[in-house]
Amino acid sequence: MTAVFGSLGERLARTPDGVRFLESAGPVSDAFIMATEPVVAINGPVGSAKTTASIKKLIVEATRIWPWDNGRRTYVPYIYRVKYDLLWKATIPSWQKIFPEGMGEWTGSSPRSARHVLDWEDQYGPVRMIAHFQAFGESADPEDLRGVEPTDVYLNEIDTMPEALFTALSGRVARTPGRQTLRRPGRVFGDLNAPDVTNWTYRDFWESPPSGYKLYRQPGGLDPNAENPNGAGRDYYLDIIEKNSQKPWYVRRMVYNKPGFTRDADVVYPAYDDDRHLAPKPLEYLPAIPVIVGIDGGSTPAAIYMQETPAGQLRVLAEIALESSGPIALSRAMQTLEAQRFRKAEFYTVCDPAMNAGADTEEGSDRSRLGKLLGRPVHLARTNDPDRRHEPLADKMRFTLDDGSPGLLLDPSCRRLRRGWSQTFQYHRVRGTNERGRVVKNPDSHPCEAAEYGAMECGQGHARLLRAEREREREARNKRSREAGRYNPMGRRA
C-alpha cells in the first residue's frame with residue numbers, strides 16, 4: 001500500500017496510526033478501495049474499518065486521474081455527513097487520526113465546513129487532494145448544491161443521509177476537472193452499517209440496485225472471515241451482544257451485518273421473525289389447494305394471495321398494493337398476476353366488510369363491482385374489528401408444525417408485508433401515556449389488513465379443499481346417511 005500512495009505512504013507510516021492504515025483490513029475492503037463502478041458502498045459491522053477503507057479509496061482515486069492542473073493530478077472530493085456536529089465529532093476525528101492537522105494545509109473549524117489540502121508524489125508525478133468537508137441536514141434544500149463542483153463525493157454513514165442529497169450530488173460529480181479531462185464518470189461512494197430495510201439505501205443496494213451500483217459486504221463481526229481482525233476483535237462484538245441482549249434487532253444489524261428493522265415501535269405482530277418466517281426463496285403455488293385472496297379496498301387497495309396447507313402452514317405467496325386507484329385498477333392488477341402465477345387456480349376471495357357500502361344503491365358497492373370485473377364471487381370477511389382481525393395471523397406466526405417448520409411463510413416478493421409485520425404496521429401511542437391507540441395508517445397498513453381478511457378464512461373447508469373435493473365429501477356424507485337407513489327413535493338397542 002505504501003507503493004500505491006508514494007511519498008504520502010511513507011509519511012503515513014510514521015504517524016501513530018500509519019502502520020494500521022497501511023495494512024489491509026480484508027479482501028472486501030480492498031475490493032471496495034479499488035472499485036471502479038460509478039456508485040459503490042462498503043457495508044460491514046461496527047468496527048470493521050469501513051471509514052478507513054473510504055479514506056484509502058479517496059487517495060487511490062486521486063492517484064488514478066489524469067494530470068490536468070499544470071501537469072499535476074488535482075483531485076477534489078467532497079465529504080459529507082448529515083449534520084455538522086457529527087461531522088466534527090466523528091468524521092473529521094477519523095480523518096485526523098490518519099492525516100493530522102499539521103499535515104498539509106487545514107482550514108475550517110466547528111461547526112462549519114472545512115478543507116484539507118494534501119500534496120504528495122508517486123512514481124507518476126505530483127498529486128494534490130483538496131478535500132472539502134460538508135454537512136447536509138434533513139431541512140436543507142438540494143438546490144443549495146448548485147455551486148458544488150467535486151471530482152467525486154464520499155458520503156460517510158450514507159444510510160443516515162437524506163435521499164435528496166444523494167440524488168442532487170450524483171448530478172454534481174465530475175465537475176473538477178470536467179468529465180472530458182477526467183475520462184471517466186464522477187463517482188459517489190459511501191460506507192454504512194447494515195441498514196433498516198425501510199431505508200432508501202436498502203432499496204438501492206440490496207433489493208433492486210440500478211445499473212452501475214455495487215455493494216461490497218463485509219462478513220459479520222463473529223464470522224471466521226471477519227475483517228479488521230487487529231482492530232475490533234471477537235471480544236468487542238461479544239461485549240456489544242451482552243450489552244444489547246434486549247435489542248436483538250440492533251445486534252443483528254451492528255454485529256452480524258444483516259439488514260433488519262428497528263423494533264422500538266409497538267408493532268402489531270411482535271411474533272413475526274424475519275429469520276424464521278421469511279422464505280429463503282420464492283414460494284411455489286400448490287395447485288391441489290385453493291388460493292385465498294384477502295382484499296382491502298378504498299383509494300389505496302391491496303390484495304394478498306395465500307394458501308393454507310393440510311398441515312396448517314399459511315404460505316403467503318404474493319401481494320398487490322396500489323396507490324390512488326379503485327376496483328377497476330385493482331381487478332386489472334389481480335388478473336395480470338393471476339394469469340402469470342396462478343393459472344388454473346381455484347380462488348376464494350374475501351374483502352373488507354366496508355367494501356359493501358352502497359350495496360343498496362344503483363351504482364352498487366365496490367365489492368359487487370370488483371366481483372363482476374373478476375368474474376367470481378367476492379365474499380365479505382367475517383369482521384373488520386381490529387382485535388379479532390389480528391389474531392388469526394398472530395396465531396400462525398406463533399404456531400410451529402410437528403416437523404419444526406413455522407406456521408407462516410412469507411414469499412420474499414411481499415416487501416410491503418415484510419416491512420409492515422416487522423416495523424411499520426404499528427400502534428399509535430397516546431401522547432403522554434403508555435396507552436395504545438389505533439393502528440397507524442401508512443402505505444404498508446393496507447396490504448397488512450388485506451392479509452388479515454384472508455387469514456380469517458384459515459381452517460375453513462373452502463380454504464383447504466378444492467371445490468370438487470368438497471363436493472365429493474358432501475356426496476360421500478349423503479351416501480352414508482342414505483345407507484344407514486332411517487332413524488327409528490322408538491327402536492330398542494339389542
Chemist: Could you check if a side-chain atom of V28 sits within less than 4.5 angstrom of a side-chain atom of Y216, using non-hydrogen atoms only?
Modeler: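 A side-chain contact under 4.5 Å exists here.
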
Chemist: Does any N or O in the side chain of D191 come within less than 3.5 Å of the main-chain N or O of S54, such that one atom is a donor and the other an acceptor?
Modeler: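 No, the answer is negative, given that no donor and acceptor are paired below the 3.5 Å cut-off.
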
Chemist: Is there a side-chain contact between L169 and F136 (heavy atoms, below 4.5 Å)?
Modeler: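 Not in contact.
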
Chemist: Would you call Y236 and V46 a side-chain contact if the rule is heavy atoms closer than 4.5 Å?
Modeler: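 They are in side-chain contact.
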
Chemist: Among all residues two or more places apart in sequence or in another chain, which pass the side-chain contact (heavy atoms from CB on, under 4.5 Å) test with A339?
Modeler: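 If we apply the side-chain contact (heavy atoms from CB on, under 4.5 Å) test to A339, skipping adjacent residues, there are no hits.
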
Chemist: Can you find a heavy atom in the side chain of E452 that is under 4.5 Å from one in the side chain of E449?
Modeler: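 Answer yes - side chains close enough.
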
Chemist: Mind listing the closest non-hydrogen atom pair of Y427 and G437 along with its distance?
Modeler: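 Heavy atoms only, the tightest pair is CD2-O, 3.5 Å.
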
Chemist: Thinking salt bridges, do R398 and E391 make one under a 4.0 Å N-O criterion?
Modeler: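 Yes, this pair counts.
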
Chemist: Ignoring hydrogens and angles, tell me if any N or O in the side chain of Q134 forms a donor-acceptor pair with the backbone of S113 under 3.5 Å.
Modeler: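 No; zero donor-acceptor contacts below 3.5 Å.
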
Chemist: Hey, are the side chains of L393 and L314 touching, using non-hydrogen atoms and a 4.5 Å cut-off?
Modeler: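 Side chain of L393 against side chain of L314, heavy atoms only: contact under 4.5 Å found.
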
Chemist: Partners of P287 by side-chain contact (heavy atoms from CB on, under 4.5 Å), sequence neighbours excluded?
Modeler: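 Partners of P287 under the side-chain contact (heavy atoms from CB on, under 4.5 Å) test: Y285.
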
Chemist: Is D402 atom CG crowded by more than 12 heavy atoms from other residues, nucleotides or ligands, each under 6.0 Å away?
Modeler: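 Not more than 12 within 6.0 Å, no.
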
Chemist: Among pairs that include at least one residue of residues 195-204, which meet salt bridge (charged side-chain N to carboxylate O under 4.0 Å, His left out), considering only residues two or more places apart or in two chains?
Modeler: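 Found E163-R203.
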
Chemist: Can you list, pair by pair, the side-chain donor-acceptor contacts under 3.5 Å of residues 244-251, counting residues two or more places apart and other chains?
Modeler:
| residue | atom | partner | partner atom | Å |
| --- | --- | --- | --- | --- |
| N244 | ND2 | I240 | O | 2.9 |

Chemist: Do side-chain atoms of N199 reach the backbone of D159 as a donor and acceptor pair under 3.5 angstrom?
Modeler: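 Here the side-chain-to-backbone pair exists.
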
Chemist: Over 60° means perpendicular and under 30° means parallel, so tell me whether F342 and F347 are parallel, tilted or perpendicular.
Modeler: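 Rings of F342 and F347: perpendicular, over 60°.
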
Chemist: Y269 versus L408: any side-chain heavy-atom pair under 4.5 Å?
Modeler: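 Contact flag for Y269/L408 side chains = no.
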
Chemist: What distance do R276 atom CZ and L410 atom CG have between them, rounded to the nearest 0.5 Å?
Modeler: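 Output value for this atom pair is 14.0 Å.
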
Chemist: Can you find a pair of side-chain heavy atoms, one from T151 and one from R184, that are under 4.5 Å apart?
Modeler: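 Of all side-chain heavy-atom pairs linking R184 with T151, at least one is under 4.5 Å.
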
Chemist: Does K57 make a cation-pi contact with Y154, if we ask for NZ or CZ under 6.0 Å from the ring centre and within 45° of the axis?
Modeler: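 That pair does not qualify as a cation-pi contact.
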
Chemist: Go through the steps for L409 and Q313 under the test side-chain contact (heavy atoms from CB on, under 4.5 Å), then give the verdict.
Modeler: CA-CA 8 Å; L409 272 182; Q313 184 182 66; 3.7 Å; yes

Chemist: Please answer whether the main-chain N or O of V188 pairs with a side-chain N or O of D152 as donor and acceptor at a distance below 3.5 Å.
Modeler: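 Answer holds: no.
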
Chemist: Verify, without hydrogens or angle tests, whether N193 (side chain) and R253 (backbone) share a donor-acceptor contact under 3.5 angstrom.
Modeler: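 No.
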
Chemist: If I take atom SG from residue C351 and atom CG from residue D366, how far apart are they, to the nearest 0.5 angstrom?
Modeler: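 Interatomic distance, C351 SG to D366 CG, rounded to 0.5 Å: 9.0 Å.
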
Chemist: Quick test of your reading: applying salt bridge (charged side-chain N to carboxylate O under 4.0 Å, His left out), list the pairs with at least one residue in residues 301-320, sequence neighbours left out, ordered by first then second residue.
Modeler: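 Listed by first then second residue: E308-K396, E308-R464.
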
Chemist: Nearest heavy-atom pair of S48 and Q218: which atoms, and what distance?
Modeler: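 Taking every non-hydrogen atom into account, OG-OE1, 2.6 Å.
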
Chemist: Any pair with a residue in residues 442-482 that passes ring pair (Phe, Tyr, Trp, His ring centres under 6.0 Å), sequence neighbours left out, goes on the list, sorted by first then second residue, please.
Modeler: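 Listed once each, the pairs are Y348-H462.
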
Chemist: With a 3.5 Å distance limit and no angle check, can you tell me whether W88 reaches the backbone of R112 through a side-chain donor-acceptor pair?
Modeler: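 Looks like yes, one N/O pair under 3.5 Å.
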
Chemist: What I'd like to find out is whether the side chain of L165 reaches to under 4.5 Å of the side chain of L145, using heavy atoms alone.
Modeler: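 Yes. Closest side-chain heavy atoms under 4.5 Å.
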
Chemist: Where do W206 and P195 come nearest, in terms of heavy atoms and distance?
Modeler: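 Reported closest heavy-atom pair: CH2-CD, 3.4 Å.
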
Chemist: If you measure from the Lys or Arg side-chain nitrogens to the Asp or Glu carboxylate oxygens, is any gap between R187 and E37 under 4.0 Å?
Modeler: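 Judged by the 4.0 Å cut-off on N to carboxylate O distance, R187 and E37 do not form a salt bridge.
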
Chemist: Less than 4.0 angstrom from a charged side-chain N to a carboxylate O is my criterion; do R416 and E323 meet it?
Modeler: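 Salt bridge present between R416 and E323.
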
Chemist: Output a table of donor-acceptor pairs, distance under 3.5 Å, between side-chain atoms of residues 325-334 and any protein atom two or more places apart or on a different chain; print 'none' if there are none.
Modeler:
| residue | atom | partner | partner atom | Å |
| --- | --- | --- | --- | --- |
| S331 | OG | P327 | O | 3.3 |
| S331 | OG | I328 | O | 2.7 |

Chemist: Please identify each residue that fulfils side-chain hydrogen bond (donor to acceptor under 3.5 Å, both in side chains) with R415, with sequence neighbours left out.
Modeler: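 Counting only residues at least two positions away or on another chain, R415 forms no side-chain hydrogen bond (donor to acceptor under 3.5 Å, both in side chains).
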
Chemist: Look at atom NZ of K441 and say whether more than 12 heavy atoms of other residues, nucleotides or ligands are closer to it than 6.0 Å.
Modeler: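 Check passes, neighbour count above 12.
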
Chemist: Do E227 and S29 have side-chain N/O donor and acceptor atoms under 3.5 Å apart?
Modeler: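 There is no such pair (donor and acceptor under 3.5 Å, judged by atom type) between the side chains of E227 and S29.
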
Chemist: Looking at residues at least two apart in the chain, or sitting in another chain, which of them share a side-chain hydrogen bond (donor to acceptor under 3.5 Å, both in side chains) with T309?
Modeler: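 With sequence neighbours excluded, T309 shows a side-chain hydrogen bond (donor to acceptor under 3.5 Å, both in side chains) to no residue whatsoever.
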
Chemist: Just to verify, what does P209 make a side-chain contact (heavy atoms from CB on, under 4.5 Å) with, not counting sequence neighbours?
Modeler: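 side-chain contact (heavy atoms from CB on, under 4.5 Å) list for P209, sorted by chain: Y213.
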
Chemist: Tell me, yes or no, whether the heavy-atom count around Q335 atom CD, taken from other residues, nucleotides or ligands under 6.0 Å, exceeds 12.
Modeler: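 Correct, the count exceeds 12.
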
Chemist: Would you check if the side chain of K50 reaches a backbone N or O of P45 as a donor-acceptor pair within less than 3.5 Å?
Modeler: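 Yes, because the side chain of K50 sits within donor-acceptor range (under 3.5 Å) of the backbone of P45.
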
Chemist: Looking only at side chains, do D274 and Y272 share a donor and an acceptor under 3.5 Å apart?
Modeler: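 Distance-only check passes for D274 and Y272.
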
Chemist: Determine yes or no for a side-chain-to-main-chain donor-acceptor pair under 3.5 angstrom, with Q307 supplying the side chain and L286 the backbone.
Modeler: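 Looks like yes, one N/O pair under 3.5 Å.
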
Chemist: Regarding N43 and N257, do their side chains bring together a donor and an acceptor under 3.5 Å, going by distance alone?
Modeler: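 Their side chains do contain a donor-acceptor pair, which is all the 3.5 Å distance test asks for.
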
Chemist: Between Y78 and H132, how do the two ring planes meet: parallel, tilted or perpendicular, split at 30° and 60°?
Modeler: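 Ring orientation of Y78 relative to H132: parallel.
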
Chemist: Taking side-chain contact (heavy atoms from CB on, under 4.5 Å) as the test, write out the residues that go with N356, two or more places apart.
Modeler: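 Partners of N356 by the side-chain contact (heavy atoms from CB on, under 4.5 Å) criterion, ordered by chain and then number, come out as A359, S365, R367, L380.
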
Chemist: For the backbone of P412 and the side chain of R418, can you confirm whether one donor and one acceptor N or O come within less than 3.5 Å of each other?
Modeler: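 No: the side chain of R418 does not pair with the backbone of P412.
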
Chemist: State which residues pass side-chain hydrogen bond (donor to acceptor under 3.5 Å, both in side chains) with D275; sequence neighbours excluded, sorted by chain then number.
Modeler: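 Partners of D275 under the side-chain hydrogen bond (donor to acceptor under 3.5 Å, both in side chains) test: R252.
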
